[in-house]
Q: 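What follows is a structure written as structure tokens; I'll ask about it next.
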There are 2 protein chains.
Amino acid sequence: MISKSELRKTARTPTRLDKVDKAGASLSGRAYQQIRDEILRGDLSIGDVLSRRRLAKRLNMSFLPITEALKVLETEGLVESRPRIGTRVRVPNEQDIRDSNVIREALESQAARLSAQNMTAEDKKQLRTSARHLDQLQKMCAREHADSRFLFSVHTYHMEFHMRIAELSRSPGLRRAIEKEQVLIFNWLYDIAANQRTLPEGFHSTLAEALCSGDPLVADTAMRVHVQYGLDQVLERLANYDGGDAWRLKSTKS
Amino acid sequence: MISKSELRKTARTPTRLDKVDKAGASLSGRAYQQIRDEILRGDLSIGDVLSRRRLAKRLNMSFLPITEALKVLETEGLVESRPRIGTRVRVPNEQDIRDSNVIREALESQAARLSAQNMTAEDKKQLRTSARHLDQLQKMCAREHADSRFLFSVHTYHMEFHMRIAELSRSPGLRRAIEKEQVLIFNWLYDIAANQRTLPEGFHSTLAEALCSGDPLVADTAMRVHVQYGLDQVLERLANYDGGDAWRLKSTKS
DNA sequence: TTAACAATCATGATATATCAGAGATAAACC
DNA sequence: GGTTTATCTCTGATATATCATGATTGTTAA
């Protein structure tokens, strides 16, 4: 059994929402961070309309910084905008999910290759521990219906596990790319596949072992299996989610 | 021997600079395209300073659309900006090149895998032809000192060859990602390794054959070899290129 | 001659104001 | 009652103006 404090202890790298960056320097940077966080936290869900003016009022700035922030978020694929109509949190279609998974497979298998070559004994020990914890946590999720708060924290832990591997590749650029792609599918998966699917026994431990083997090809293959798993379930759930062309008349809370 | 008209004929997909998109609709979209093209064409080279006001005057618009365009180009990694100091075409360091290559390897090997599975007989035939042409063209470049106009067109042809493979993966998202990464390193490589290095005999034909084999793993490996080749030479040339902290006092032509 | 300093200039960041287009709404017409 | 149309409000897009800050340059004092 794992307590929450223990959970935090293993995840030492603050690699997710809580990066302050130099982006906080400018107003547009702060707006970017704020909106991004709210999307990632789920405060804004898929399809929610983002009014520049309302956001400006809420964040205490003119809507020019907001516009820039949304522009960036749009190029990152987190929101979508149609001229003179509106901006909303992006609603992905099946192809988007598929593509995202293809790219994720490419990037993370590359990270697996590099990590397998670069890991120290200490790295391996930590990764094995994380994997074991994660497997236990997810088994708990599958068994009883945990509250969404707990589900979220497990999801966060899962994400950090993958980001750890990305870091072990020792390629900052690759890490950034993976983080971006993770972020992209983050809210999609989290929103749609809210109740975790059941995973094979020792799902992450197996992956960790493959990485620790030191063989790039083995690591690559294991990661591909890992990423591919469960794509179909997600797609199936997505099918029930519409939100296609309804742009206005949504919850216009922000 | 290959004529230029023949060269065009084989490259049927207009997948590069000349995309008009819906980006041309808005002023900021047009600005984005224009500036991007000029960087890619080499009219603006690495380190060149981009004054928003001058650009605004030159493109006949206020500098707000320019600002948005540069913001997007910045998130794409084509330009870099320091608050209240200036904006310039991005000057990559060694790590940037390395990372870019790692990502490119990941994405393109993935494309190779998928392509190997998806290609029709017709696709294979066309790809083989393109590869043969490309090999011939590059051999010509290596032999005599061709003019930069010709070098550029060969480089373009090379890029289109890779984009063809990206398209054969049948994953629009992957294609987009590859194009973006290609664009990123495009001007770097073109500027720095202006005179082509000599390539192994039948460099691209070998790759094409691997793809046509239909085996994902073979295709993957071949693509990795292809991408990796010559990275060191590029890095060596980059070392001679400084431009580190000199922000102002550059050619302030735009 | 050189080092410190101050004025000036250019830059990006931001605010405010205005514009044009798309949807929604409701009145008017058949 | 159902359909059309006019208007009204919302949106993002753009222009202009102003601000704070870093860079440059010219001046002055040692």
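Chain identifiers are assigned alphabetically (A, B, ...) following the order of the sequence lines, protein sequences preceding nucleic acid strands; residue numbering begins at 1 within each chain.
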Q: Write down the distance between CZ (B/R84) and P (D/dT21), rounded to a whole number of angstrom.
A: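 Interatomic distance, CZ of B/R84 to P of D/dT21: 7 Å.
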Q: Figure out the CG/P separation between B/L64 and C/dA17, and round it to whole Å.
A: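 After rounding, the reported distance stands at 16 Å.
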Q: In Å, rounded to the nearest 0.5 Å, how long is the span from CD of A/E108 to CG of A/L174?
A: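 With rounding to 0.5 Å, CD (A/E108) is 9.0 Å from CG (A/L174).
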Q: Counting side-chain heavy atoms from CB outward, which of C/dT14, C/dG12, D/dT14 is closest to B/R53?
A: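 Minimum distance to the B/R53 side chain belongs to C/dG12.
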Q: Quick check on DNA chain D: between B/P83 and B/E68, whose nearest nucleotide comes earlier from the 5' end?
A: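 It is B/E68 whose nearest nucleotide is closer to the 5' end.
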Q: Does B/L70 or A/S62 map to a spot on DNA chain C nearer the 5' end, using the closest nucleotide for each?
A: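 Nearer the 5' end of the strand: B/L70.
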Q: Over how many whole Å does the gap from B/F63 atom CZ to C/dA10 atom C1' extend?
A: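 Whole-Å distance recorded here is 11 Å.
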Q: Going by side-chain hydrogen bond (donor to acceptor under 3.5 Å, both in side chains), A/Q34 matches just one of A/R36, A/E38, A/R30. Which one?
A: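 Answer after filtering A/R36, A/E38, A/R30: A/E38.
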Q: Rounding to a whole Å, what distance do you find between B/R52:CZ and D/dT16:P?
A: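 Rounded to the whole Å, the gap is 18 Å.
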Q: Tell me: CG of A/L27 to P of C/dT16, nearest whole Å?
A: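 After rounding, the gap between these two atoms is 12 Å.
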Q: Would you say the side-chain atoms of A/D48 pair up with the backbone N or O of A/V89, donor to acceptor, closer than 3.5 Å?
A: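 Judged by distance alone, no pair lies under 3.5 Å.
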Q: Would you tell me if any nitrogen or oxygen in the side chain of A/S51 comes within less than 4.0 Å of OP1 or OP2 on D/dC10?
A: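 Answer is no, no contact under 4.0 Å.
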Q: Figure out the CD1/P separation between B/I85 and C/dA13, and round it to whole Å.
A: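 In whole Å, C/dA13 P lies 11 Å from B/I85 CD1.
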Q: Is any N or O donor-acceptor pair between the side chain of A/R82 and the base of D/dG12 shorter than 3.5 Å?
A: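 It does not, because no donor-acceptor pair links the side chain of A/R82 to the base of D/dG12 below 3.5 Å.
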Q: Between D/dC10 atom C1' and A/K57 atom NZ, what is the distance in whole Å?
A: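 For the pair A/K57 NZ and D/dC10 C1', the rounded distance is 13 Å.
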Q: Atom CG of A/L55 and atom C1' of D/dT11: how far apart are they, to the nearest Å?
A: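 Rounding to the nearest Å, CG of A/L55 and C1' of D/dT11 are 13 Å apart.
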Q: For the NZ atom on B/K57, are there more than 12 heavy atoms of other groups (residues, nucleotides or ligands in this structure) within a distance under 6.0 Å?
A: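 Not more than 12 within 6.0 Å, no.
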Q: Establish, with yes or no, whether the OP1 or OP2 oxygen of D/dG12 is under 4.0 angstrom from a side-chain nitrogen or oxygen of A/T87.
A: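 Yes, such a contact exists.
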Q: For a quick test of reading the model: is some side-chain N or O of A/S81 closer than 4.0 Å to OP1 or OP2 of D/dG12?
A: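 No, outside the criterion.
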Q: Just one of A/E68, A/E76, A/E74 clears the salt bridge (charged side-chain N to carboxylate O under 4.0 Å, His left out) bar with B/K71, so which one?
A: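 When salt bridge (charged side-chain N to carboxylate O under 4.0 Å, His left out) is applied between B/K71 and each of A/E68, A/E76, A/E74, only A/E68 qualifies.
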